[in-house]
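Here's the structure we're looking at; comments come further down.
This structure is a prediction, so every number in the text was calculated from the model and none was measured. As the structure lists them, so they are numbered: ligands from 1, and atoms in each ligand from 1. For the single chain, residues carry numbers from 1 onward in sequence order.
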Amino acid sequence: MRRLRTAILISGRGSNMQAILDAACSTAHPAEPVLVLTNRPDAAGLIIAETYGVATTCIDHKPYGKDREAFERAMQAVLEEHNVEMVVLAGFMRILTPWFVGQWSERMINIHPSLLPKYPGLHTHQRAIDAGDADAGCSVHWVTEGVDQGRVIAQARVTIEPEDTAETLAARILPEEHALYPIAVERAALEILQRQKA
Ligand code: GRF
């Protein structure tokens, strides 16, 4: 089976990245992790990625200041050096410009901790609690220009309990993210491979 060369972009602890590496480092998975890229030199996930033998690169966004596109052009160069075919955002905390999104149209996915289309953006868990919602969850979606707006690939749902805080709810959703993301990466990779054949 041809496997899709995949980069995972992180900014922090990298627990979703680790869940994906656990699943996709097997040759039976259609996504082949070839690169972990971060914008933060202190991202804890870098050390984890190295234990899986995956190449890692840091491109610090700070020297680029407000020039987001210059930062992204540096990332794009590294992605091209590694012949990356799909980008997986896993806790990557930079808003992407239309230019970068355009480079990866229909080839970049993200995980978001809400049941999209509800609560794009930040503070999703608190917003779900404040709204009195019965449930909350996480979504994996294709990345488009609108933040957290792209077509949903997969979702997982948990019940909101009366005593939940944003922290307890986030802690209950996180394992669902870890179960969901490898499956969604597989679906996305198969879809891209299928498109390439058509
Ligand atoms: C996750 O909750 C994800 O939904 C959000 O950022 C968090 C990243 O956590 N986009 P980790 O770095 O994968 O542990």
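Between F71 and F92, the ring planes lie parallel to each other; the angle is under 30°, not in the 30° to 60° tilted range.
The salt bridge (Lys or Arg N to Asp or Glu O under 4.0 Å) check on R187 picks up nothing, with sequence neighbours excluded.
Within 4.0 Å of ligand 1, heavy atoms belong to protein residues R13, G14, S15, N16, G91, I111, P113, E177.
A donor-acceptor contact closer than 3.5 angstrom links the side chains of H178 and S15. A side-chain N or O of D22 and one of Y52 form a donor-acceptor pair less than 3.5 Å apart.
Between V36 and the options T56, L9, I48, a side chain to side chain contact (heavy atoms under 4.5 Å, CB included) holds for only T56.
Cation-pi check for R68 over W99 is not met; the charged atom does not lie both under 6.0 angstrom from the ring centroid and within 45 degrees of its normal.
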